[in-house]
Every structure is written in structure tokens, then in C-alpha cells.
Amino acid sequence: MKRSPVEDCSSSSLSNPFMSLALSIREYFLVTLTTHPFVSNSVSKINTLLLYVNVPEKSLLTNEEFVLSSTAVVVTLIIYYVLFGKRHRRKRKVLAEELRAAQRQVHVLEEQLFNAKIEDIMASTPTRKNSSSQQPRQIRIFMDGAFDVMHYGHMNAFRLGRSLGTYLIVGVNSDESITECKGPPLMNDEERMTMVKGCKFVDEVVPNCPYIMTSDYLDYIFETYDVDYVVHGDDPCIVDGKDVYASAKRLGRYRSIPRTEGVSTTEIVGRMLLMTKHHHMRHKLRGRGNSVGSLSGLSITGGGAAAVVGGGMGVGDEGNSSDDSDNEIHNDDEEDDELSVFTASQYNDGERIVIGNQSKFLTTSMMLRLFSAGVKPPGEGMRVIYVDGAFDMFHCGHVRFLEEAAKRGDYLIVGIHGDSLVNKRRGSNLPLMNLHERVLSVLGCKYVNDVLIDAPLAITQEMIASLKISEVVHGTESDDIGAIDERYKCPRELEILTAIKSPIDFKLVNILARIQKKQAELQRKIERKKKAEREWFNNKYDQKVQNGSK
């Protein structure tokens, strides 16, 4: 009599102890799970749903079918992970390594391109008489200026100037010469010198330069500092009807660089004169007063922080420092609807005088890359120092503090808080410079190795581990107010928090106080300069359009 396959399997399993053990385990597994309350409840709910959609009773799910199908799914997922999951993880790891290698290669190619450019400049530059053939050839560039209220536009000019050679010397005009020509500067000699020395694109600084360059002084610069080229912006520099750099041009030792468009000291001072929030948000102006957010409502006493937080109110604000006060401005003119960020205005006899306009500086990824040139991750075993803050209106107090912080380790990371966070903590129209502007300013500092953009207020343990921070540092002088317990709670508990004495007592409020004293004078100067700037830009681009149409 012929036997069925099931009977053959049963008889073979009985003769094989391993098969018998496997069947026993399977039977125990099925019995245990099928009788479990969770399985019974799940099957009951599923069958109820199936009956609701008119599934025949003979097709309903059994406990055993539910257990077997669930087990099959789990086993399949485990097998897939064992066979393919690690492969995907390995693939991601390989791709991440390839990306890091590509980034290193880009850095190498950028350095090669820079070196090739330097070689071209050296080849086209005549050899100096006193130069030694045994020393590396340098192309020495000279720039000069007042650099009052120095900003990232000045730093970009230094970067462009240095790109024309290998060594940049910057002459800083003296207080006396600036005062004689256009009135006293806001910053004194020492403060302006600190800012220029702190720029990573500057190799050497010459103090007490005259505001108006003469042929004799240029000859002195060429001879004393072995300068190859004098560099200036592409805007004309005419004094008494004569080109200041005419002699350098005759000698073929003059180079020009494009002006950093969209930013100027005039525009930045205008933001401080008109303490509004227009440089952070776009809104319709509603209401008109004699002054819109002028410094006349600012209370600055003894360098206190009240000026920064509670100031910036117009004459008609009546002490209301709420966030909505800057939006309670009305103007019936349709053109006011087009006013956008960085727009600040005053009214003089019914006529609007625009002092601070929208920042037209375009922060591209290329600009960030140019300012980040040479930035490398910290090496193994390096001591990483972290400082954070707003770094608004990057000034000499910031530079001196960062210099001291950098001395505490091998690698300095600066965290820069976002606009909304700074405004929430400081109020008024602060920060005066937006996040991108502040990032470029800090990136241009020679004591900074890297920048954390839009840094969180509270420093967490995950952040410390990710950035490999060895020590968190803060100074004794700050524009922020309030307790810092929550902000530095984690580094304090880890015993890596250090407070260092700020080298100088200089804060944003000091700049605001100086501007308040000269408000009327500065407003007249800004009106004149903005008119001259508009004429220069219009002439520049009108010429380009005319040349393009020929």
C-alpha cells in the first residue's frame, strides 16, 4: 500500500532525533503563542473588522495563521537586516569617506589655484633692487584708510587686496589727520588699530598715516616697506582736483579692487541713528511721527545695558518698549509699502529723509567660502575652546576678548546666536547687523578657527561631545543682561566653564553713546555721503550699461 508524503515525513522525523526536536519546538511555540491573550484579542479584533466588510466566516483568520504570518514577517526582516542591512551601512560609510576625501581634494585644488595665481603675479612683478635671491619672493601690497567703525566690507577689501600679492600692509589714518579733513572719528587710534591688526587678511599695520596721501608719503611707503603695489577701491580718490594716486599710477605700481557693494560705514551708522527693527522684518509702515526710532529716546548712563535693551524708541513712543512699538508707525504714502529690511527714515518738515536702507550686501555661499579659506577641522588631541554670543557690531572689545580666549587652547570655535534669539534677549532693534553679516565679521578675525552659525543659547552635552569642546569661556564684559546659569549649566556641571576678565571695557553701548552725542552732525554727514554714494553707483552702472549697448 502506497504511503502519503506526510506519513513519510512523520516516519522520517521519528527516525531523526534532530527533526523530532525541531517539530517539538515548533509545536510548543505554536501552542504557547496561539493561546496567548494578546494573540486572541488581536485575532478577534481583526475578524470583527473582516466581518464588518462582509468577509465570509470560513475566510476569517485563525490564531495559528496569525502567529505563522507574523513570525514569517519578523524572520524575513531579521534575515534582510543580516544579509543586506550591514551592507547598506557599509555603503553609507564608504560614501561618507569619499565625501570627506573629495572635500580634502577641493581644499588642495583651491590651494594649488591660489599658488598658481601668486606665481602669475610674481612673474609679472619686477624684481626689487634690494631683494635677496635666497629669500622667498614676496609681493607686498599697501592699503590705507580710516577704518572707523570697521566692518566686514573693510575685511573683504583686505582680502581682495591681499589676493593681488602675498603680504598685505595696511596704513591706518591718524585721529588728527581724519579730524582735520572730515571731523573726529567715532573710534580712536588704538581702537581702530586693534580692529585692523585683528583681521586675518592683514600681515602688518602702519600707524599714523595721513588721511590724504601725497606723492612724498607714497615714495616713503615704497622705500621703507618695500611695497610693490598700492591698492585702493575703484571709486575715484580726488583731492583739490588731483588724483591722490597719480604718481603710483605713473610708476605702474597701482592696482584697484572692486568696492564691496551693499555695505558702508554710512549705512551701518544710519542703523544706529534710527533705532528700529526694519533691518530684520518686512512690514507696512503705519503711522507718522516727527522721528522714527531716533536715538533721542535712548537712555545711556554709565555704560549700562539699559540703553541696549530699552532704547531705540521714537519721540512718540512714550516709553513703550514692547516689540510691537516698532510696527506702530503709519504713513499714507503708497511708496512706504515698499520699504523693507534695513530701511530707516526721519521726517523733516514733512519730507522723509532715508538714512538707513535695506542691506544690499549679498551673502552668497561663495563669499562664505572665501572668508572661510584656510579653515580646517581641529586635529587629534587639540584643545578646543568654545565661546558664544551675538558679536553685534564686531568691535575692538570682541577682538581683544577672542585674542585672550584663543590663548587658552589650540582651536577656537565661536558660536554666533541667530537674529531672533539676540532680539529676544536684548530687545529694541538689536542686533544691528544680521546673522550673515556677523558671521562674516567673526570669520575675518585672525584668532578664530571656526564659527558655529546660529548657535543655540544653552550649551548641551551633545554639543560639547560633537564639537569636541575642552573648555567653554565667557568674559566679564557683555552686552547681554540677565543670569547665565541656564545658558552655561551643562559646562558648569562638567567643570569646563571658565570666566576670563575682559581685556578692555568696551561694548556696543559705548558706540551708541558716542553716536548719540554726535547725532545731528552724523545725520548731516550721512545725508551728504549717501547722496555721493548714489551718484557714484549710478555713474558706475550707467557706464556699464552704455558700454554694453555699444
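Hydrogens, waters and symmetry mates are skipped; everything else that's a heavy atom, side chains included, is used.
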Kindly give the heavy-atom pair with the smallest separation between [X] and [Y], and that separation in Å.
X: Val387; Y: Val473; result: CG1-O, 3.4 Å
X: Pro185; Y: Thr179; result: CD-OG1, 3.8 Å
X: Leu508; Y: Leu430; result: CD2-CD2, 4.0 Å
X: Cys445; Y: Leu402; result: SG-CD1, 4.2 Å
X: Gly198; Y: Val399; result: CA-CG1, 4.1 Å

Report the residues that fulfil ring-ring contact (aromatic ring centres under 6.0 Å, His included) with [X], sequence neighbours left out, ordered by chain and then residue number.
X: Phe401; answer: none
X: Tyr220; answer: Tyr217
X: Phe142; answer: none
X: Tyr411; answer: none

Any donor-acceptor pair under 3.5 Å linking the side chain of [X] with the backbone of [Y]?
X: Asn173; Y: Ile178; answer: no
X: Thr224; Y: Ile221; answer: no
X: Asn423; Y: Pro431; answer: no
X: Ser247; Y: Ser215; answer: no
X: Ser441; Y: Phe394; answer: no
X: Asp392; Y: Leu432; answer: yes
X: Arg438; Y: Ala390; answer: yes
X: Ser502; Y: Glu477; answer: yes

Restricting to side-chain contact (heavy atoms from CB on, under 4.5 Å), what partner residues turn up for [X], sequence neighbours left out?
X: Ser256; value: Tyr254
X: Ala246; value: Asp243, Arg250
X: His436; value: Thr363, Asn434
X: Glu403; value: Arg400, Lys407, Tyr447

From CA spacing to verdict: side-chain hydrogen bond (donor to acceptor under 3.5 Å, both in side chains), Glu471, Thr498: CA-CA 7 Å; Glu471 184 180 18; Thr498 303; 2.4 Å; yes

Answer yes or no: does atom [atom1] of [X] have more than 12 heavy-atom neighbours from other residues, nucleotides or ligands under 6.0 Å?
X: Lys249; atom1: NZ; value: yes
X: Arg369; atom1: CZ; value: no
X: Phe222; atom1: CZ; value: yes

Determine all donor-acceptor pairs shorter than 3.5 Å in which one atom belongs to a side chain in residues 199-209; sequence neighbours excluded.
| unit_1 | atom_1 | unit_2 | atom_2 | d |
| --- | --- | --- | --- | --- |
| Lys200 | NZ | Phe371 | O | 2.4 |
| Lys200 | NZ | Leu443 | O | 3.1 |
| Asp203 | OD1 | Arg162 | NH2 | 3.3 |
| Asp203 | OD2 | Arg162 | NE | 2.9 |
| Asp203 | OD2 | Arg162 | NH2 | 3.2 |
| Asp203 | OD2 | Leu168 | N | 2.8 |
| Glu204 | OE1 | Tyr167 | OH | 3.0 |

Residues forming a side chain to side chain donor-acceptor pair (under 3.5 Å) with Ser372, sequence neighbours excluded: none

Listed partners of His417 passing side chain to side chain donor-acceptor pair (under 3.5 Å), at least two apart: Asp388

Once rounded to the nearest 0.5 Å, what's the spacing between atom [atom1] of [X] and atom [atom2] of [Y]?
X: Asn449; Y: Ile413; atom1: CG; atom2: CD1; answer: 8.0 Å
X: His232; Y: Arg255; atom1: NE2; atom2: CZ; answer: 16.0 Å
X: His154; Y: Arg159; atom1: NE2; atom2: CZ; answer: 15.0 Å
X: Arg383; Y: Arg408; atom1: CZ; atom2: CZ; answer: 7.0 Å
X: Leu421; Y: Asp454; atom1: CG; atom2: CG; answer: 8.0 Å
X: Glu404; Y: Leu412; atom1: CD; atom2: CG; answer: 12.0 Å

Ionic contact status for Glu191 with Arg514, cut-off 4.0 Å: yes

Residues forming a salt bridge (charged side-chain N to carboxylate O under 4.0 Å, His left out) with Arg192, sequence neighbours excluded: Asp175, Asp189

Phe147 vs Phe158, ring pair (Phe, Tyr, Trp, His ring centres under 6.0 Å): CA-CA, chis, key distance, verdict: CA-CA 11 Å; Phe147 310 115; Phe158 295 153; 5.0 Å; yes

Chi angles and distances behind the ring pair (Phe, Tyr, Trp, His ring centres under 6.0 Å) call for Phe506, His395: CA-CA 8 Å; Phe506 191 97; His395 52 68; 5.1 Å; yes

